[in-house]
Amino acid sequence: MDMNNKNIITRPATSIDLPQLNEFLQSLVEAERPFDPTLKDGEIFYYDIQELISDKDTEILVIEVDNEIVGSGYAQIRSAKPYQRYEVYGYLGFMFVKPEFRGRGLNSLLMDDLKKWILSKGITEVRLQVYSDNEAAVRAYEKAGFKKILTEMRCEIN
């Protein structure tokens, strides 16, 4: 499919999009399960999407191709730690594109629009979290200008 010939838009999510967004969230959870043995079985809701849609400090965007929602992501203004150089930062999350639409630059388009929203708030620091073993996602974020700064580690003791 040639994405240049498609009608592609990003737009703010609305409550009408909730069923699709909840489906994306569960697909995201399933994609992350191999990277995190601590995730519970069954449905997991990392966040309340309706609450995020209503939050003035969060912008959830969906990406549509020919009027079909094929991806999502959010930007959120968060308070920094007292010891950091900035008071607030932008955080990206819920980055998801349907598998059949991956590799076509849609995630980059979505991230660019989320970064523009963050910049419109006067914020220049942007962060996100990604599983270190999710090499494809790490490469995509590095291509978008992100750099690793911290690795969280775990061990199970008996």
Side-chain angles (χ1 to χ4, degrees), residues 1 3 6 8-81 88-115 117-118 125-144 146-158:
M1 175 186 330
M3 296 310 286
K6 297 293 180 181
I8 302 170
I9 64 164
T10 58
R11 64 167 175 80
T14 68
S15 296
I16 295 168
D17 302 321
L18 277 173
Q20 183 66 66
L21 293 173
N22 281 323
E23 184 179 311
F24 285 175
L25 181 52
Q26 294 314 305
S27 295
L28 187 62
V29 168
E30 286 307 311
E32 292 178 345
R33 282 190 195 284
F35 305 113
D36 191 342
T38 68
L39 293 178
K40 295 178 180 179
D41 293 334
E43 285 189 332
I44 296 174
F45 293 91
Y46 294 144
Y47 24 74
D48 181 332
I49 296 171
Q50 178 62 60
E51 186 176 296
L52 292 177
I53 289 172
S54 303
D55 181 23
K56 69 175 181 58
D57 289 330
T58 303
E59 178 80 344
I60 297 184
L61 294 180
V62 295
I63 190 160
E64 293 183 353
V65 175
D66 285 340
N67 298 314
E68 175 188 355
I69 298 174
V70 301
S72 64
Y74 76 74
Q76 187 172 62
I77 300 169
R78 294 187 174 180
S79 296
K81 304 284 186 199
V88 295
Y89 64 97
Y91 179 85
L92 299 183
F94 194 25
M95 302 304 298
F96 180 81
V97 174
K98 285 183 173 181
E100 62 268 29
F101 289 90
R102 292 180 186 158
R104 299 179 181 154
L106 297 177
N107 195 51
S108 292
L109 178 63
L110 196 55
M111 272 198 296
D112 287 347
D113 285 354
L114 291 169
K115 287 178 181 178
W117 181 84
I118 292 168
E125 176 75 15
V126 182
R127 294 183 173 228
L128 56 77
Q129 292 179 324
V130 60
Y131 287 103
S132 57
D133 288 339
N134 188 345
E135 294 172 5
V138 170
R139 279 193 309 274
Y141 293 131
E142 287 175 338
K143 186 177 176 183
F146 288 88
K147 294 179 177 33
K148 296 177 190 174
I149 58 169
L150 179 69
T151 300
E152 181 176 335
M153 300 179 73
R154 69 171 289 275
C155 78
E156 192 170 309
I157 58 175
N158 298 318

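We're numbering straight along the sequence, starting at 1.
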For [X] and [Y], which heavy atoms make the closest approach, and how far apart are they?
X: Gly73; Y: Leu114; answer: C-CD1, 3.8 Å
X: Gln76; Y: Thr58; answer: NE2-OG1, 3.0 Å
X: Glu59; Y: Leu61; answer: OE2-CD2, 3.6 Å
X: Val70; Y: Phe24; answer: C-CZ, 3.7 Å
X: Ile60; Y: Leu52; answer: CD1-CB, 3.5 Å
X: Tyr89; Y: Ser79; answer: CE2-O, 3.5 Å

Report yes if some heavy atom in the side chain of [X] is under 4.5 Å from a heavy atom in the side chain of [Y]; otherwise report no.
X: Lys143; Y: Ser108; value: no
X: Glu64; Y: Asn67; value: yes
X: Leu25; Y: Glu43; value: no
X: Gln20; Y: Lys98; value: yes
X: Ile118; Y: Tyr91; value: no

(request) Report the relative orientation of the aromatic rings in Tyr141 and Phe146; use parallel for angles under 30°, tilted for 30 to 60°, perpendicular for over 60°. (result)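 Ring orientation of Tyr141 relative to Phe146: perpendicular.
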(request) May I ask you to check whether Tyr74 and Tyr47 place their ring centers less than 6.0 Å from one another? (result)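 When the ring centroids of Tyr74 and Tyr47 are compared, they turn out to be within the sub-6.0 Å range.
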(message) Listing request: all salt bridge (Lys or Arg N to Asp or Glu O under 4.0 Å) pairs with a residue in residues 32-42, at least two apart in sequence or in separate chains.
(response)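 Listed by first then second residue: Glu30-Arg33.
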(request) Could you walk me through whether Leu18 and Ile49 pass side-chain contact (heavy atoms from CB on, under 4.5 Å), step by step? (result) CA-CA 7 Å; Leu18 277 173; Ile49 296 171; 3.6 Å; yes
(message) Under 6.0 Å from the ring centre and within 45 degrees of the ring axis: does the NZ or CZ of Arg102 meet both conditions for the six-membered ring of Phe96?
(response)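 So Arg102 does make the cation-pi contact.
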(message) Could you measure the distance from the OG1 atom of Thr10 to the CG atom of Leu109? Nearest 0.5 Å is fine.
(response)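 Between atom OG1 of Thr10 and atom CG of Leu109 there are 5.5 Å.
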(request) Start with the C-alpha distance between Arg11 and Asp17, add both sets of side-chain angles, then the distance that settles salt bridge (Lys or Arg N to Asp or Glu O under 4.0 Å), and finish with yes or no. (result) CA-CA 11 Å; Arg11 64 167 175 80; Asp17 302 321; 2.8 Å; yes
(request) Tell me, with the steps shown, if Arg78 and Arg127 meet side-chain contact (heavy atoms from CB on, under 4.5 Å). (result) CA-CA 10 Å; Arg78 294 187 174 180; Arg127 294 183 173 228; over 6 Å; no
